[in-house]
Amino acid sequence: AKKESLPPDPGEHRLQFSYAFWYCRQPRLRSYDQNLKMIGTFNTVEKFWSFYSHLVRPSELSGQIDFHLFKEGIRPMWEDEANRNGGRWVLRLRKGLASRCWENLILAILGEQFMVGEEICGAMLSVRSQEDSISVWNKTANDNATTIRIRDTLKRVLNLPPSTHMDYKMNSESLR
Amino acid sequence: GTRIIYERAFLMQLRNSPVAK
């Protein structure tokens, strides 16, 4: 991934971090890396909207596809150095909810609503035939205070009932 | 340093700014 971002245009609202949008079609075929494509990078609110408004809404897609929003410089794979010791909260969604949840999640990430310092790596939306899922990835899987805070913020920004079930998966176990 | 924090409502407001079309 490109490490340097262009300076923001005058009048634009800078984000705390630079991010990239990615997607991976047919994630189960060949290697994940080969199917992974970067859409583009941005570091201001205005550039985010300009990308986002041109992206197809997840609920309009059929077939298997993963969307990612990750900090620039981190590839959205378990193998990346920033993800290797990390993990992710996974929330399964019944069909029809993905677009709204995904939008609320990425707005919370870009707006720094998680308040966990540098811990957030990114987020992923997986569209599948029966159900969709979203996940929030962080750097340090064994940092309990951080993972709990991410879980609670996720429930708040998505307006989920407190009883909602979510799984935390360690990337090192997925790699094994 | 200071963290750049944006509420959802503010981000939504900027959606319709001329730059973000």
Tell me, side chain or backbone of A/Phe17 under 4.5 Å from chain B's heavy atoms, or both, or neither?
side chain

Please confirm whether the backbone N or O of B/Arg15 pairs with a side-chain atom of A/Glu46, one donor and one acceptor, at under 3.5 Å?
no

Same cluster or not: are A/Ile106 and A/Val90 linked, directly or through other Ile, Leu, Val, Met, Phe, Trp or Tyr residues, by side-chain heavy atoms under 4.5 angstrom apart?
no

Closest non-hydrogen atoms of A/Glu112 and B/Ile5, given as atom of the first, atom of the second and distance, are CB-CG1, 4.0 Å

Is the shortest heavy-atom distance from the side chain of B/Met12 to the side chain of A/Leu107 under 4.5 Å?
yes

What's the separation between atom CG in A/Leu110 and atom CZ in B/Arg8, rounded to the nearest 0.5 Å?
12.5 Å

Counting only heavy atoms closer than 4.5 Å, note whether A/Tyr52 contacts chain B via side chain, backbone, both or neither.
side chain

Cluster overlap A/Leu160 with A/Leu105, hydrophobic side-chain contacts below 4.5 Å:
yes

Contact summary for B/Tyr6 and A/Leu15, nearest pair of heavy atoms:
CE1-CD2, 4.0 Å

Near A/Arg100 CZ, under 6.0 Å, is it more than 12 heavy atoms from other residues, nucleotides or ligands?
no

Step through the shown structure and confirm whether more than 12 heavy atoms of other residues, nucleotides or ligands are within 6.0 Å of CZ on A/Arg128.
yes

Within a 6.0 Å radius of atom CZ on A/Arg94, are there more than 12 heavy atoms belonging to other residues, nucleotides or ligands?
no

Roughly how far, to the nearest 0.5 Å, is the CH2 atom of A/Trp49 from the CG atom of B/Asn16?
8.5 Å

Residue A/Gln130 excluded, over 12 heavy atoms near CD under 6.0 Å:
no

Looking at every non-hydrogen atom in both residues, tell me the closest pair between B/Thr2 and A/Gln16 and how far apart they are.
O-OE1, 3.8 Å

With a 6.0 Å cut-off (strictly less than), is the heavy-atom count around CD of A/Glu81, excluding the residue itself, greater than 12?
no

Here the gap from B/Ile4 atom CD1 to A/Arg14 atom CZ, rounded to the nearest 0.5 Å, amounts to 7.0 Å

